[in-house]
Amino acid sequence: MLLELQDLVVSYGRIEALHGISLGIEQGEIVALIGANGAGKTTTMRAISGLRAAHRGKIFLEGRDITRMRADRRVVQGISQAPEGRGIFPGMTVMENLDLGCYTRRDAAMIAEDRERVFTLFPRLAERRKQLGGTMSGGEQQMLTIGRALMARPKILLLDEPSMGLAPMLIQQIFAIIKEINGQGTTVLLVEQNAQQALSLAHRAYVLETGSIVRSGTGEELLADPAVQEAYLGVA
Amino acid sequence: ACSNNGNGTTTASGKCDSKIAFFGALTGPNANLGINIYNGAKLAVDQYNAKNSNCKVTLVQKDSQGDEKQAPALAQNLVQDPKVVGVVGPAFSGESEAADGILEQGNLPLITASATNPTLAQKGWKVFHRMLGNDASQGPAAASYIKDTVKAKKVFVIDDTTAYGKGLADQVKKSLGGMVGGTDTVQPKQTDFQATVAKVKASKADAIFYGGYYAEAGPFVKQLRAANVNAKFVSDDGVKDPGFVAGAGKASAEGSVVTCPCIPGDEAKGTFFADYKKKFGKEPGTYGPEAFDSANVFLDGIKAGKTSRAAMLSFVNSYDKDGVTKHIKFDKNGEIAKSEIVIWSYQIKGGEIVKDTEIKATS
Amino acid sequence: MNFEFLFANIGDLTVTGLSQGAIYALIALGYTLVYGLLKLINFAHSEVFMMGTFGALFAWQLVGLHENNPIPSVPMMIVYLLVGLVGAAVWSGVTALAVEFVAYRPLRRRNAPRLVFLITAIGASLAISEAVGIATGRQQFGMPDLFKTTTLVTIGDAHITNLDLGVIVAAIVMMVVLDQFINRTRLGRGIRAVAQDSDTAALMGINKNRVIVLTFVLGGVMAGAAALLYNLKIGVTRADIGFLLGIKAFTAAVLGGIGNLRGALLGGLALGLVENYGSALFGTSWRDVVAFAVLVIILMFRPTGLLGESLGKARA
Amino acid sequence: MSTGGDAPRRSAGGRFVDGLRTVDERRVAGLAGIRSRWRALPLVVRIAALAAVAVFFYLLPNLAIPLIPTPDTNFASVLFTVAVYVLVAVGLNVVIGLAGLLDLGYIGFFAVGAYSVAIFGSPASPLATKYPWLMLIPIAIAVSMVSGVILGGPTLRLRGDYLAIVTLGFGEIVRLIAVNWSITNGQIGIPNVPAPPGKFPDGSPLFGVIDTRPFYWLALTVVLICMFGVKLLENSRVGRSWLAIREDEDAAELMGVPSFKFKLWAFAIGAGLGGLSGALFASRQGFINSNSFDVLTSVLFVAAVVLGGAGNLAGVTLGAVLISYLPERFRGAAEYRFLFFGLALIAIMIFRPQGLIPSRRRAVELADRKREAEEEVTAGA
Amino acid sequence: MPDATTGVAGPPLLEVDDVTMQFGGVTALDHISFEVRRGEILGLIGPNGAGKTTCFNVMTGVFQPTSGEVRLNGQKLVSRSRHQITRLGIARTFQNIRLFPEMTALENVQVGGDARHRTSVPGALLRLPRHRREERDGRTQAFELLDFMGIPHAANSLARNLPYGDQRRLEIARALATGPELLCLDEPAAGFNPAEKEELLALIRRIRDRGQTVLLIEHDMRLVMGVTDRIVVLEFGRKIADAAPAAVRADPKVVAAYLGVPEDAA
Ligand SMILES: Nc1ncnc2c1ncn2[C@@H]1O[C@H](COP(=O)(O)OP(=O)(O)OP(=O)(O)O)[C@@H](O)[C@H]1O
Ligand SMILES: Nc1ncnc2c1ncn2[C@@H]1O[C@H](COP(=O)(O)OP(=O)(O)OP(=O)(O)O)[C@@H](O)[C@H]1O
Ligand SMILES: CC(C)C[C@H](N)C(=O)O
Ligand SMILES: [Mg+2]
Ligand SMILES: [Mg+2]
């Protein structure tokens, strides 16, 4: 098991957002996490990356307990997150933002290569190397966030709604990219509102409802599940 | 302590609980000046209490830090305590401007041992008395020292904008007339005097008169000398303190001259000098003797049973007796007689302030 | 208005203005660094500086250099300068760290609103200057003379002394080094990342607290350097000198564009010049009025200072 | 332009008001039990309680309560100072707490008010007028408000901390003008500032130096009236606009809030109250000079507002009381009092970062954030 | 360029007339012209960075365009202040939510409503009748709008504590409170799941049915196609199409630039 959550409870002040969830991700998998607004998907991501403390429960990475590890240490251990919304550094250029993605890496040659790869994936970023992150359009910022997370060459990549705000064509592309990097050996935890696509892509998936996991299974299983279809796929 | 006695002017009930107050800086940048005065008064009170152990007098201290802002509240405080029948101070002219009007409203007699601004005596304050000559004497004396002893051709006059410094500098300017080759002001608490130094330098004056206190004069002289301005530095009683040498550094302070309407401690009559040295382990500083005299006037009053402010006031007004510094008798404005005014000059030599000569008062 | 005096002495006024401004600039760097990082006006920075002036003094006393000692030889002077610098930098740095640990870090833990930091900063500033005031009896302390001030070069009517030149060069060199550090190095990039979004910075693997500590130390060391130069130039120190100078330096930082290192230098030098010209023109007592009036006017036309913000957020 | 308002919906809205009350109560009760119980009391009871509190404050200088009175200074005088600080805090709270404009130079308005009374009222001033004290006060308020508008007009465009330094500069400029201008007489100052009129039957002045209670009562009355006025503004469109500007000025503008206008109002109202407090201060002090208006005092004003809880009247009142009372209470320990005061500022803020009595909205928010933060700490962040 | 040919035609409410917006070297809008007709729901779509949000920003006074003019009911908007533009009848939401986080939902909506109120400090101090009336009406209206948006339970919660979806709804309620003739929504469905998108679609129709005109930026094609009467397509700051949904969907330029594979999976 690459990453494992055991009975994780996270709360915001008095509001408990996760009521003890457990899930596991194997090396090389794409696991999707789906659920309605406010179900606690982002909270789960933040708990894994260390931005929110676990109230109770444990988090293991490669069998090691990282529950109390600082967020920046977890990056070194191989967890990289593309946060939801505008997680870019607004006052830094596109280039600087990307460079921060590999803050903990020191292999200059590989870094240059990875940068080229990101530029190939998102030519718009290459065009706007010198533009300040904060002045990029919503979708452009989303590209930057994903590109930056790729720069870390993580063991496990956490993607929080990567398709949000992207044009339809780009959404196709993003899912293709996820598949590709997974093919190269990166494990992916994917949060998506776009359940249809997420489930078709994922090896396995969990369904989160108001802070608890209510279902899990392979992507196909869940796609075929009538309850899931009704709630998340818009199949009336 | 919180009962509100509506009428502070009435006599205190008991006979042996009278207080006199010291009003001046005990902390703050110019504290040394206040402490000297406090010590002088303290010596008087302690001597009195030793002799009258059955009926002791308390010396209340009101530390104004020399700050006009704090003065009104302290004065109100004194006025509200009916046991206080006399005030030694306020020490500085600025705080006097702020406080004396309130003491006047409380009919609380004061004798300042140091506040030298001439106008203080002209505000119609019945409670005001001054144990020394004012700056209308000191100013001309300083001017004549600059003319006759320094033999300067061109004098740059600086003041610190306080009631005291400005008042005195104005007197000096008046007496110097055409010799004034430039003027400038500095602010209390200032430490950086580059701008003023530049002006002095550009003026090519050969003497400087500085009206103000030692806290600013010290670093000013230091910066002056660092900029290679070698004009003679002449200043006043506010600068007559070792704090000046400390601020300027021995080398820069060397040769500076200060004037003061105060007598050197060793010129005081009687055993004052020895008593003071014994009690405080050092020689009396500026205005120690004058403060001793001021306190003694009130102590004599208390001894004579004047325990109400009104009685004390008339007692002080009719006082006529020798003190250690002079013969004490106040005129109707609260000033001492012309003939009793002395102005001394002092020199900084080897880091010490040594007495120079007595300048004859000219005005 | 005394134009005659201004023009007659424009050269000297420029030189003293610049050296004055250089000290402002070095203190301003500390404000700008911390502001850029934490969006916090570190009011206590003035006290960090003040401690530096005492730090140098103590260091000198420790090696037996006292106020009234004769001027030392050149090699000894260099030694003393270094000793003073170390003393000032250490004291200032330690003070800066103490402020961070006592007054700011506990608040960050509690996610306190920004304004609250301002108040603890004020509290820290008051406490430090009062504590030093009590410890020193609120006395003034004179500095030993390390060298004789002499005019090195005269350009036109401007007399450039060894002191002025040293101060100006020191400030510029330090600013450039700091600027390179922040903009070129990996650690500097980390500082900027935390400045903009500390959560996301953690996701990049940046240790936020280490960055903050580093920044306070850097600011403290700059203030220490400023303190040494101040000691040489002004010659006395006192527990309460920080306040006014701190406000001036903060003004300089804002003038240049707070959060912008180059702005701090530019703002400092500009403020020094404006003050000197202004006091020549209107009289020394109007010096600060001129300085603040110019600040207001400049901000009216350039609402984010001469160079704008850069360490912190640009318009998002 | 139709936003609906037809009958069925209104009733729906009405039903919600009822439903909401329970929601609201539950939310508040968890944190601030007293507050919710207070709000649940009938209006009459609340008014009566407030009146009782007011009466208590009027009687305060006559009550012999242990420990509270100041041993080294006349208690009524201290109470007067406290009242002036409270007035300052009420005014500054409009600017900082409500409109979110960090004003570090509030002392400038205080000074303008004080000098207005002194310059136009003191016989020692070259511009002395014959106006009675009761005329001088509105003049002082008006002059201060005008100075607020003069300062605000060109500078309110500035964002957060740029505004802070500009206001601080303004405060210094006012002080330095007082230092340098012949009329204000610099360090030397202006004596004989007029006091309010009135005489005791025995002919001694009602507002004299010996019994300071009348001054205190006057100031207390002024404070109560001003608090009432500010409360009215707060609970209105004006207060809402200020909050919105504080939260997100750009968004507020885009929602139709004329932010400049309301910021200017906040400044003018704040300035007016600052001027009024300065005028009271000068009348009581009888003497003013430029020293009374330094930056440090200005900064302490801000501390009063934040310490108590910016945005909340009760909070800023408490803050002002502490800032002005503590140093007087411990005047005995003169050497150490500001050291302790500085340390106390740090300690209070660390233990109650939301202020002593936070505004309602902030109380909720901060309690949440604090818990979150504590959890982060346990996680070793 | 294909012109609009759809049925729901009213007089133009808003005219964007030859607007160009440049940021340094980037031309975000390049001589854009289109109009919004009274009573319609107009979609504004295009690839990321095409200039859609910039277009909103120019219309609402956030940016001054490099050149060109925007008119509402014939009145020029460029160089008017933002609050004036709002009062003239344009309201908007933001791509990245910008509520007043420390104010309650109710207060957020009331602020919007205040755009139509007149009384200021004197009125509030003296509690003039007009002021009382405005306060009362504003409050009632705010409750109604929260109700209308389906978030009445949120009225007394602080905006920052609301779930994402409710925040989006609250933003719309606040915008509606200003009483706009034209409501501009910037990706209101971002982060919504299909069911929620369905609700939103119904809601937008209801807003239109109340008589308000809607301009909608959205990347979700099912939503856009389902609700709009007409669509303007931007690419690289230029207008590449302006037609009915069906026509746009079939437009090869749009497919190439934006939709990609005709059958998208949204
Ligand atoms: N900072 C916060 N303060 C208080 N409550 C919060 C905070 N952030 C999230 N919550 C609450 O926690 C719950 C879970 O939120 P979370 O953001 O994890 O949901 P999500 O599944 O990511 O939803 P979305 O699809 O909207 O992104 C929600 O009820 C939300 O209101
Ligand atoms: N201040 C700015 N400086 C430089 N470029 C800018 C600035 N603001 C916007 N841009 C650029 O203008 C283009 C248009 O941006 P805009 O935000 O309007 O796009 P959009 O159509 O809303 O895209 P999205 O669908 O991704 O939100 C983008 O390429 C963006 O990077
Ligand atoms: C103690 C003295 C130096 C006071 C000074 N003579 C003054 O009038 O203020
Ligand atoms: Mg989420
Ligand atoms: Mg956009």
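The sequence lines fix the lettering, A, B, ..., with proteins before strands; numbering per chain opens at 1.
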Nearest 0.5 Å please: distance from the CD1 atom of A:I34 over to the CG atom of E:N193.
9.5 Å
Heavy-atom pair with the smallest gap, counting every atom of E:V26 and A:Q131
CG2-OE1, 3.9 Å
State which residues pass side chain to side chain contact (heavy atoms under 4.5 Å, CB included) with E:S81; sequence neighbours excluded, sorted by chain then number.
E:H83, E:Q84
Distance col, row A:S137:OG vs E:K52:NZ, nearest 0.5 angstrom, shows 6.5 Å
Determine whether more than 12 heavy atoms belonging to other residues, nucleotides or ligands lie under 6.0 Å from atom CZ of E:R238.
no
If we only count heavy atoms from C-beta on, is the A:N37 to E:E196 side-chain gap below 4.5 Å?
yes
Are there more than 12 heavy atoms of other residues, nucleotides or ligands under 6.0 Å from atom CZ of A:F119?
yes
Checking heavy-atom separations under 4.5 Å from chain E, one finds in residues 38-45 of chain A none
Minimum heavy-atom separation for A:P168 to E:M221, with atom names?
CG-CG, 4.1 Å
Name the region of E:F192, side chain, backbone, both or neither, that has any atom closer than 4.5 Å to a heavy atom of chain A.
both
Report which part of A:A36 has an atom under 4.5 Å of a heavy atom belonging to chain E: side chain, backbone, both, or neither.
both
Checked A:R128, A:E161, A:M136, A:M143 vs chain E; the most non-hydrogen pairs under 4.5 Å come from A:R128
From A:Q172 CD over to E:L259 CG, what is the distance, rounded to the nearest 0.5 angstrom?
10.0 Å
Give, as side chain, backbone, both or neither, the part of E:A189 having an atom under 4.5 angstrom from any heavy atom of chain A.
neither
Whether E:N48 side chain and A:A167 backbone form a donor-acceptor pair below 3.5 Å:
yes
A:L166 versus chain E, the contacting section by heavy-atom distance below 4.5 Å:
both
Going from CE on A:M164 to CD on E:Q95, what distance comes out if it is rounded to the nearest 0.5 angstrom?
10.0 Å
